[in-house]
Amino acid sequence: MTHTKPRVRFAPSPTGMMHLGNIRTALLNYLFAHQKGGTFVLRIEDTDPERNFDPNATHIINDLIWLGLTYDEGPRVDGPYGPYFQSKRSDLYAKKLQELQDKNAVYRCFCTPEELERKRKRQLALKRPPRYDQTCLHLTDTQIAQKLDTEAPFIWRLNTTDNRTITFNDMARGTMEFHLKDFSDIPLTRTDGSFTFTFANCVDDGLMKITHVLRGEDHISNTTSQVVLYEALGLQVPTFWHIPIMCNIEGKKLSKRDFGFSLKDLQDAGFISEAILNYLGIIGGSFEQEIMSLEKLVQLFPFDAIHSTGHIKYDVEKLKWINHKWLSSYDTAQLTDMCLPRLIEAYPIAEAVNPETMRHLIGIIKPELVTLNDCVELIRFYFETPSVKQEQLKKTIRPEKHEALIAILKETVVSLDNPDTYMELTKQKAKSSGINSKELWSSVRFILTGNVEGMGIHDIIDLLGIEEVKKRIHSVLD
Ligand code: GLU
């Protein structure tokens with residue numbers, strides 16, 4: 001038995017932005033290649049010019065770089081089986097089509113889309129699989145010549161007239177079996193002469209020596225046709241893993257309407273690549289330790305023990321928890337660099353803040369950060385004086401204690417030069433007036449930051465400085 005190193009590929013169509021589903025496919029291919037000492041190829045399936053929204057696959061490539069999913073062969077990374085854009089491989093498909101023509105394995109189909117649709121509906125009405133009835137397989141040479149003379153549009157189909165059972169190996173499902181009698185003769189070209197997805201994708205996997213095809217479950221119906229094609233072309237049939245589709249929390253297929261569907265949503269909201277990969281790596285599985293780096297996932301992903309699961313649920317709350325864990329794992333200086341662009345965007349003055357103060361600020365809010373964007377709200381009070389009215393304090397304290405609280409806070413403000421004394425004195429006075437600590441400090445926090453909850457009063461004083469704290473207290477109470 002020969003042991004070849006696995007070769008896997010991520011083969012996105014550049015029809016939109018990267019989303020969670022295709023990032024997960026890319027990730028699993030990356031993990032597989034790295035775990036098995038194989039090669040990870042990026043191939044851009046851009047055969048549909050009308051749906052090509054990312055002509056040079058710039059977005060896809062940049063997203064993969066941002067995620068840290070580096071590929072070994074693909075656009076901008078030369079390899080032995082290029083080019084890696086399908087739009088540049090037409091001559092290779094033409095050659096393979098010629099091989100099939102030479103073997104008499106294909107035929108021209110002149111049926112119009114309307115005719116095909118009529119036939120399909122008829123088959124369905126008869127409760128039969130809607131397979132193509134092979135009208136054009138039976139055309140005589142003269143009939144074909146006549147049609148060609150009139151320049152009637154046609155496509156090439158693979159002739160699959162036999163009753164074979166097709167099998168292939170799926171890493172989660174084991175041996176899969178399909179009966180060819182349920183399948184139409186596979187279209188290999190379109191009427192404009194371009195090649196179909198089924199054909200190009202299969203020729204490429206064959207020529208690029210792909211050993212394992214890890215792709216979304218929605219492609220399972222293409223696989224049977226492609227296995228027939230591999231065999232017709234004399235290409236090695238790969239092993240497959242049809243990866244379960246991701247659903248939203250209600251069990252519906254994930255769509256643009258679900259927050260975090262596109263990578264851009266997540267980047268804009270301040271999720272970091274480690275967390276996104278970590279989440280997509282553990283989703284649907286069970287791991288003892290849930291927080292894992294890409295390297296750890298490479299080591300631990302159980303490729304040798306995957307089994308078929310139902311749909312996988314995307315839970316943004318879990319993703320947030322993982323993002324929070326990853327952000328907490330950064331040291332404060334790194335985290336400050338990560339937050340700074342967002343802070344400067346929200347508060348241009350942030351650029352002038354002394355780096356040490358900035359690190360201090362970030363260090364204090366670090367335990368509260370779920371996404372990087374959270375820093376903007378958590379630190380707002382530092383850059384903007386909240387507009388708090390004395391009246392509003394009625395909400396932070398029982399109404400009957402409102403006046404007493406104001407009197408105490410006015411009285412103790414002078415002791416602020418020593419924050420410890422201030423805190424102690426204010427606490428004592430509040431206590432003797434029957435005000436509990438929670439309502440006391442919530443009120444002070446509200447005056448200073450505009451929020452009832454948040455960081456400790458000591459930290460706030462420390463950050464704002466004594467003079468600013470005095471100013472804020474006076475402006476609300478006087
Ligand atoms: N271009 C196809 C897609 O984006 C690739 C399918 C495959 O991986 O074979 O769905």
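Order of listing sets the numbers, starting from 1, for every ligand and every atom in it.
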Just going by heavy-atom distances, which of C202, G216, P14, S13 is nearest to atom 4 (O) of ligand 1?
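It is S13 that holds the nearest heavy atom.
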Among all protein non-hydrogen atoms, which one is nearest to atom 5 (C) of ligand 1, and what is the separation to 0.1 Å?
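Protein heavy atom at minimum distance: A11 O, 3.1 Å.
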Find all atoms of ligand 1 within a distance of less than 4.0 Å from any non-hydrogen atom belonging to [X], and give their numbers and elements.
{"X": "H219", "answer": "2 (C), 3 (C), 6 (C), 10 (O)"}
{"X": "E45", "answer": "1 (N), 2 (C), 5 (C)"}
{"X": "R9", "answer": "7 (C), 8 (O), 9 (O)"}
{"X": "R215", "answer": "7 (C), 8 (O), 9 (O)"}

Looking at F85, is K88 sitting on its ring face, NZ or CZ under 6.0 Å from the six-membered ring centre and within 45 degrees of the normal?
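Checked: cation-pi criterion met.
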Examine K147 relative to F110 and say whether NZ or CZ is less than 6.0 Å from the centre of the six-membered ring and inside a 45° cone about the ring axis.
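Flagged: K147 positioned over aromatic ring of F110.
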Quick check: F10 with Y71 (ring centres under 6.0 Å apart)?
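No - the distance between ring centres of Y71 and F10 does not fall below the 6.0 Å cut-off.
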Using a 4.0 Å heavy-atom cut-off, which part of F197 comes near ligand 1: side chain, backbone, both, or neither?
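Side chain only.
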Side chain, backbone, both or neither: D205 near ligand 1, heavy atoms under 4.0 Å
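No part of D205 comes within reach of ligand 1.
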Evaluate side chain to side chain donor-acceptor pair (under 3.5 Å) for S194 paired with R190, printing each intermediate quantity in order.
CA-CA 5 Å; S194 63; R190 304 190 187 96; 2.8 Å; yes
Search all heavy atoms of Q101 against all heavy atoms of V106 and return the closest pair with its distance.
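Closest heavy-atom pair between Q101 and V106: CG-CG2, 3.5 Å.
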Under the criterion salt bridge (charged side-chain N to carboxylate O under 4.0 Å, His left out), which of K296, K318, K325 is the partner of E290?
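By the salt bridge (charged side-chain N to carboxylate O under 4.0 Å, His left out) criterion, E290 pairs with just one of K296, K318, K325: K318.
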